[in-house]
Amino acid sequence: MPLTSRQRPLYEVKANLFKGLAHPFRIRILELLAAAPEVSVADLQSETGLEASHLSQHLAVLRRHRLVESERRASHVYYRLADPRVAELLAVARALLVTVLRSDLDLLADARALPPLAEPAS
């Protein structure tokens with residue numbers, strides 16, 4: 001069933017949410033924010049090892065997709081998750097990752113148990 005003209009924008013918003021998540025450093029930033037009520041930009045930079053300009057770009061993407069909120073206090077900027085369900089989403093993604101890796105290990109063990117191949121003729 002094709003998307004209707006009313007449904008398409010909703011699916012685009014949903015796809016953009018996943019685009020906001022689609023970078024390893026953005027996932028790490030969100031994990032850091034999920035572990036505390038708020039985190040300063042300085043602490044995020046220290047924890048991620050990112051240059052200030054790169055961290056700023058990732059935070060801008062997360063803000064644009066409404067995954068984080070920021071607040072300036074004096075000369076410091078603090079970030080927090082825009083919605084606590086982002087932390088739940090990260091927990092589900094981690095559980096899926098463990099499942100995928102576990103099945104990959106099973107496949108690797110199965111591959112190692114295959115009969116040996118004959119040596120190629122020279």
Side-chain angles (χ1 to χ4, degrees):
M1 169 185 243
L3 294 178
T4 67
S5 60
R6 291 188 65 179
Q7 292 172 328
R8 186 171 178 85
L10 299 173
Y11 281 92
E12 287 174 357
V13 169
K14 193 175 196 179
N16 284 330
L17 170 68
F18 285 101
K19 286 179 187 177
L21 297 168
H23 193 283
F25 278 113
R26 290 197 288 271
I27 297 293
R28 181 64 183 132
I29 291 165
L30 291 172
E31 288 177 345
L32 292 167
L33 295 174
E38 63 183 13
V39 181
S40 71
V41 169
D43 288 341
L44 289 171
Q45 188 175 6
S46 173
E47 289 290 330
T48 61
L50 288 169
E51 294 180 22
S53 62
H54 292 147
L55 176 60
S56 178
Q57 290 172 359
H58 287 299
L59 290 169
V61 170
L62 293 171
R63 277 193 316 273
R64 184 170 50 250
H65 294 295
R66 300 180 194 155
L67 293 165
V68 300
E69 297 173 340
S70 63
E71 181 180 339
R72 177 175 289 281
R73 289 189 220 127
S75 62
H76 298 285
V77 178
Y78 294 86
Y79 278 84
R80 66 185 162 275
L81 296 179
D83 189 306
R85 290 174 291 187
V86 173
E88 295 174 31
L89 180 62
L90 293 169
V92 170
R94 175 75 59 96
L96 285 170
L97 171 66
V98 169
T99 300
V100 167
L101 293 175
R102 187 177 297 123
S103 67
D104 284 352
L105 286 175
D106 291 343
L107 288 174
L108 180 59
D110 291 346
R112 287 186 176 144
L114 290 171
L117 295 173
E119 293 293 321
S122 307

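- Hydrophobic clustering, with ILVMFWY side chains joined whenever heavy atoms are under 4.5 angstrom apart, keeps Val77 apart from Val61.
- The two residues Ala52 and Gln45 have their closest heavy-atom pair at N-NE2, 3.3 Å.
- Arg66 contributes atom CZ, which lies 10.5 Å from atom CG of Leu17 (distance to the nearest 0.5 angstrom).
- Residues Tyr79 and Arg63 meet the side-chain proximity criterion, which asks for heavy atoms closer than 4.5 Å.
- Scanning all heavy atoms of the two residues, the minimum distance from Leu81 to Ala34 falls at CD1-CA, 3.7 Å.
- The side-chain heavy atoms of Arg28 and Leu32, taken from C-beta on, include a pair separated by under 4.5 Å.
- One finds no salt bridge joining Arg85 and Glu88 here, because no Lys/Arg side-chain nitrogen approaches an Asp/Glu carboxylate oxygen to under 4.0 Å.
- Put simply, the side chain of Leu44 reaches to within 4.5 Å of the side chain of Leu33, judged on heavy atoms.
- Of all heavy-atom pairs spanning Arg80 and Pro37, the tightest one is CB-O, 3.2 Å.
- Under the 3.5 Å distance criterion, the side-chain polar atoms of His23 are matched with a main-chain donor or acceptor of Phe25.
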Check against side chain to side chain contact (heavy atoms under 4.5 Å, CB included), Leu3 and Leu10: CA-CA 10 Å; Leu3 294 178; Leu10 299 173; over 6 Å; no
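- Under a hydrophobic clustering in which Ile, Leu, Val, Met, Phe, Trp and Tyr are joined whenever their side-chain heavy atoms come within less than 4.5 Å, directly or via other members, Ile27 and Leu62 fall into the same cluster.
- In this structure a side-chain-to-backbone donor-acceptor pair under 3.5 Å is present from Asn16 to Glu12.
- A salt bridge links Glu71 and Arg73; the closest N-O separation between the charged side-chain nitrogens and carboxylate oxygens is under 4.0 Å.
- Linking ILVMFWY side-chain heavy atoms closer than 4.5 Å, directly or via other members, places Leu30 and Phe18 in a single hydrophobic cluster.
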Run the side chain to side chain donor-acceptor pair (under 3.5 Å) test on Tyr78 and Arg72 for me, step by step, so that the C-alpha distance in whole Å, both residues' side-chain angles and the decisive distance to 0.1 Å come before the verdict. CA-CA 6 Å; Tyr78 294 86; Arg72 177 175 289 281; over 6 Å; no
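- Within 6.0 Å of NE2 on His76 lie no more than 12 heavy atoms contributed by other residues, nucleotides or ligands.
- Looking at Arg26 and Leu21, their side chains never come closer than 4.5 Å, going by heavy atoms from C-beta outward.
- From Gln7, atom CD reaches atom NZ of Lys14 across 11.5 Å, with rounding to the nearest 0.5 Å.
- Note that CG of Leu108 and OG of Ser103 are 11.5 Å apart. Values are rounded to the nearest 0.5 Å.
- Side-chain atoms of Ile29 and Leu55, non-hydrogen and from C-beta on, do get closer than 4.5 Å to each other.
- Put simply, CG on Leu67 and CG on Leu59 are 11.5 Å apart, with the number rounded to the nearest 0.5 Å.
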